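Worksheet: the structure to be examined is printed underneath.
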Protein chains: 2
Amino acid sequence: MVDQGGARGGQNGPMQTETTTSTSGGGPCAPRRGRPRSEAAEQAIVAAVERLMEEGTGLAELSVERIAAAAGVGKATIYRRWPNKEALLVDVVARLEEQPEPVLNGVGVRDSLIAMVDDIRRRGLAKRSRWALKAALGQLEGWPELRQLYKERIIQPRRELAREIIRRGVAEGVLRDDIDIELLTEMVIGPILVRAVLWGEGPLDDDGLAEQMVDAVLTGAGVRPSGGESH
Amino acid sequence: MVDQGGARGGQNGPMQTETTTSTSGGGPCAPRRGRPRSEAAEQAIVAAVERLMEEGTGLAELSVERIAAAAGVGKATIYRRWPNKEALLVDVVARLEEQPEPVLNGVGVRDSLIAMVDDIRRRGLAKRSRWALKAALGQLEGWPELRQLYKERIIQPRRELAREIIRRGVAEGVLRDDIDIELLTEMVIGPILVRAVLWGEGPLDDDGLAEQMVDAVLTGAGVRPSGGESH
DNA sequence: AATTTACGATACGGACCCGTCTCGTATCGT
DNA sequence: ACGATACGAGACGGGTCCGTATCGTAAATT
């Protein structure tokens, strides 16, 4: 007996009926006779959801009525575009975060790692990102579609980027090759994530934090038998 | 005075009106005339909440009606003990996790760290703990009382324990003294938390994982200039 | 001009929830 | 025996929410 909590609809997607959206050369086979859909309304809806996120609205408080009111839009205008609330949120999450910066390949591995950690740090300061991450961790339980999408769109690209950097580090002899790639990744991003997400209070505004963390992880927490104390 | 999210009642606590609970020699000044409260009912209620947690019920789906049904109990029986849903959940969270194992002081620092990380790993395998952690991270937003209690009861003791072990490690010369204690802590618990909570999928059933992680963090992810590869 | 579709606003039905209250029954004290 | 209290079950009022339907109006095609 699953399905507790009310049978959410299946399909998602912006339900683009070939109208206004995606003016980019799509196939306008049928120009539709009546009044076209307002592009502005669509943007206002998405923007309203994002603004509500930034203001700290919990997923429970994020009702369609509230979204419509915040966007200055009728409820029907939302349901004309998305079949249900889930699809709307899926869509918003999908366009929530642009892909992470490609990280120039010419840069050294250490700098790449620092850039990545610093990216997480800065995102941890952004309320919108925190909302999404927390929602994904907690509230999206029992909401598999949204959680899945969040993983695909947000988590996976970053994880892949991290893996790539770290693989390069191993290849260049900067990172140890006797540690599992996954573990290396977790070592690098673990500290900043603990501070940014788990404790949610640690100071994140130090610009040198990422560098400090990466160096600490590279060098290790244990006292080095041969190398002298650095200070 | 934040109080966003709808003015929840103030007080909490099991509302023990000197009845059945705490038979431990309390002051039974007034033995109450009528039928005493059923200890079994109280346990059944708490057990039901915990069971629902383990089954993955989200905080939103965790309604009083559902709890009562799962416990085989009338709603009034719940409201006779706790003034509202929040108080019930606060109480359940409060008794959710026993304090972490004290970690024998005679044990070496490395073994203590491994024990701590392994504790997190094993908890990560326990659904109940995952539920609580995820709920704390995401759903308890806008529910300050519960979140606060979770931090006090669950997070703080473990964080304190970690700090103590690491402080000992620094004192004994096993851990570097030129790295901030907070950062050292985050380095140690970060990797396992990323695997257990954030990605939520990484393998946790390897008994040697904790040891592997701790050693990796102690030694560092970077290639050691002088020391040979350890294996 | 006629038609067709979208728009904002809002009413509606069905569902769920919270917290209270009422049943008839069970179990205590006196 | 009797009054007091707890019990399970469930009705109830007030509320929120989702998703649909209905307004009168606005903007496009034909």
Side-chain angles (χ1 to χ4, degrees), chain A residues 3-12 15-21 28-45 48 57-89 142-143, chain B residues 5-11 15-21 23 28-45 48 52 57-89 143:
Chain A
D3 198 88
Q4 49 183 341
R8 266 128 187 162
Q11 77 275 41
N12 61 355
M15 208 183 182
Q16 291 148 355
T17 332
E18 219 80 29
T19 22
T20 331
T21 321
C29 22
R32 307 298 292 273
R33 295 220 315 142
R35 173 178 176 177
R37 290 194 187 160
S38 160
E39 175 94 11
E42 185 152 337
Q43 291 175 351
I45 293 167
T57 312
L59 190 50
E61 278 81 42
L62 208 54
S63 68
V64 173
E65 262 131 348
R66 223 180 292 269
I67 293 170
V73 145
K75 247 170 48 157
T77 304
I78 293 182
Y79 280 104
R80 204 171 285 118
R81 288 166 171 74
W82 294 274
N84 49 42
K85 188 169 97 164
E86 169 166 19
L88 168 59
L89 293 184
W143 212 340
Chain B
R8 267 129 186 161
Q11 75 276 38
M15 210 185 183
Q16 291 148 356
T17 331
E18 219 79 29
T19 21
T20 330
T21 323
T23 53
C29 23
R32 307 298 292 273
R33 297 219 318 145
R35 172 178 176 175
R37 288 192 188 161
S38 158
E39 175 93 12
E42 186 152 336
Q43 291 174 351
I45 293 167
L52 286 171
T57 312
L59 189 50
E61 278 79 45
L62 208 53
S63 67
V64 174
E65 260 133 347
R66 223 179 290 269
I67 293 170
V73 145
K75 250 173 35 163
T77 304
I78 293 182
Y79 281 104
R80 204 171 286 118
R81 288 166 170 74
W82 293 274
N84 47 43
K85 187 169 96 165
E86 169 167 20
L88 167 60
L89 293 185
W143 211 340

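These numbers come from a predicted model, not from an experiment. We name chains A, B, ... by the order of the sequence lines, and we start the count at 1 in each one.
At whole-Å resolution of the value, CD in Glu86(B) and C1' in dC17(C) are 16 Å apart. Atom pair Arg66(B):CZ and dG8(D):P shows a separation of 19 Å (rounding to whole Å applied). Between the CD atom of Glu65(A) and the C1' atom of dT20(D) there is a distance of 12 Å, rounded to whole Å. Regarding Arg80(A), its CZ atom lies at a distance of 13 Å from the C1' atom of dT4(C), rounded to whole Å. Straight-line distance from the CZ atom of Arg37(A) to the C1' atom of dT5(C): 10 Å, rounded to whole Å. Between Ile45(B) atom CD1 and dA6(D) atom C1' there is a gap of 12 Å when expressed in whole angstrom units. Look at CD1 on Ile67(A): it is 15 Å from P on dG8(C), rounded to the nearest Å. In this structure, Ile78(B) places its CD1 atom 16 Å from P of dA6(D), rounding to the nearest Å.
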Q: Report, as a single string ordered 5' to 3', how protein heavy atoms within less than 4.0 Å touch nucleotides 23-28 of chain D: B base, S sugar-phosphate only, - not at all.
A: ---BBB
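Side chains of Ile45(B) and Glu42(B) form no contact here, defined as non-hydrogen atoms less than 4.5 Å apart. Arg81(A) is listed as a side-chain neighbour of Thr77(A), based on a closest heavy-atom distance under 4.5 Å. For the pair Leu88(A)/Val64(A), no side-chain contact is recorded, criterion being any heavy-atom separation below 4.5 Å from C-beta on.
When the nearest nucleotides of DNA chain C are assigned to Gly74(A) and Lys85(B) by heavy-atom distance, the more 5′-ward of the two goes with Gly74(A).
Nearest approach of Ser38(B) to Ala41(B), heavy atoms of both residues: OG-N, 2.9 Å. Shown here for Leu52(B) and Ala70(B), the closest heavy-atom pair between the two residues is CD1-CB, 4.2 Å.
Not counting sequence neighbours, Lys85(B) has no partner by the salt bridge (charged side-chain N to carboxylate O under 4.0 Å, His left out) test. Annotation: side chain to side chain donor-acceptor pair (under 3.5 Å) contacts of Glu65(A) (sequence neighbours excluded): Lys75(A).
Here Ala76(B) lies in heavy-atom contact (under 4.0 Å) with a base.
The side chain of Thr77(B) approaches dG8(D) more closely than any other nucleotide in the set dA6(D), dC7(C), dG8(D).
Base pairing of dT30(C) is made with dA1(D), judged by Watson-Crick or G-U wobble geometry with both donor-acceptor distances under 3.5 Å.
Looking at Lys75(A), its side chain comes within 3.5 Å of the base of dG19(D) through a donor and an acceptor atom.
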